[in-house]
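Presented below is the structure to which this report refers.
Quick caveat, the model's predicted, so the values are computed rather than measured. Chain letters run A, B, ... following the sequence lines, proteins first and then strands; every chain starts at 1. Only this structure's heavy atoms are used, side chains among them; waters, hydrogens and symmetry mates stay out.
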Amino acid sequence: MDFMKLQAKRAMTTRGQKSCLVIDHLVEALAGDPSSSLRRALVLNRIDEKPGITQTEIMRELKISKSAMNREIEWLFNYGCIIRQNAEEDGRAIKLETCGYSKQALESALDYFPKKHKGLQNLLNRYIKVLKQDRPTLRDARIIATLYDKGETTKTDVIDSLYNGPATTDNRAYNKLLEDGVIKDDG
Amino acid sequence: MTVSLDPLINAELDMCCAKEFDGVEPLSLTSDFGANVGTNFGDVAQTISMGMNLG
């Protein structure tokens with residue numbers, strides 16, 4: 001699709017639809033795993049924003065503990081989302097870069113943000129804030145993005161908008177949001 | 001049975017999405033609001049009150 005058509009299509013998309021599409025692209029960028037945390041998406045976004053950034057720099061900037069950071073980097077590397085290279089100036093430091101399918105899917109998400117990475121970072125941080133959980137996932141974010149888009153709908157519609165994962169996992173995520181008062185039903 | 005987002009969260013997401021997708025800055029409800037639009041809250045209250053009387 002050429003640039004003008006793409007722009008026209010995006011202009012016709014509502015904010016709610018954009019929110020859903022952004023989350024879908026992030027799920028795609030993170031190996032199709034909706035259980036990925038929003039924090040992991042933040043890490044991927046930061047690596048893409050600054051190719052060659054080191055793990056220590058991200059830890060400091062995003063205020064993530066060393067052990068949590070190690071886990072995220074291992075996961076991203078194992079699923080082919082990033083490459084690691086030894087820094088020339090410091091053999092112990094490892095430089096990180098996004099690559100392949102992950103980079104491509106992330107770019108699709110970034111297309112919706114005039115401020116690119118900074119815009120995506122702000123939206124992810126907002127989701128983390130409103131979800132009120134220790135480790136909110138992309139699945140949680142997709143549930144509230146669906147409700148933001150549709151206004152009022154049924155539980156079935158919300159669950160159907162998710163990623164064909166195990167029904168128990170989707171239901172657990174839905175019930176947790178209900179319990180936390182993030183979403184409300186009329187029952 | 002229908003389900004919806006908590007209204008406050010909905011408003012918060014809406015402000016964030018307006019800003020990040022469309023570059024729309026949220027209106028500030030602090031003291032500079034009246035200055036920016038060249039009015040004050042007293043006038044607004046009076047106008048609403050007049051409208052209610054007419055209605």
Rounded to the nearest 0.5 Å, how far does [atom2] of [Y] lie from [atom1] of [X]?
X        : Y        : atom1 : atom2 : value
A:Lys63  : A:Ile58  : NZ    : CD1   : 14.0 Å
A:Ser37  : A:Leu138 : OG    : CG    : 7.5 Å
A:Leu44  : A:Leu124 : CG    : CG    : 10.0 Å
A:Ile128 : A:Arg39  : CD1   : CZ    : 9.0 Å
A:Cys99  : A:Lys103 : SG    : NZ    : 9.0 Å

Under 3.5 Å, what donor-acceptor pairs does chain A form with chain B?
unit_1, atom_1, unit_2, atom_2, d
A:Arg15, NE, B:Asp22, OD2, 2.6
A:Arg15, NH2, B:Asp22, OD2, 3.2
A:Asn122, ND2, B:Glu20, OE2, 3.0
A:Arg126, NH1, B:Glu12, OE2, 3.3
A:Lys129, NZ, B:Glu12, OE2, 2.6
A:Tyr148, OH, B:Asp14, OD1, 2.5
A:Thr153, N, B:Val3, O, 3.0
A:Thr153, O, B:Val3, N, 2.6
A:Val182, O, B:Asp6, N, 2.9
A:Lys184, N, B:Ser4, O, 2.7
A:Lys184, O, B:Ser4, N, 2.8
A:Asp186, N, B:Thr2, O, 3.1
A:Asp186, OD1, B:Thr2, N, 3.2
A:Asp186, OD2, B:Thr2, OG1, 2.9

Is any side-chain N of the basic residue among A:Lys50 and A:Glu57 closer than 4.0 Å to the acidic one's carboxylate O?
->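 Answer for the salt bridge query: yes.
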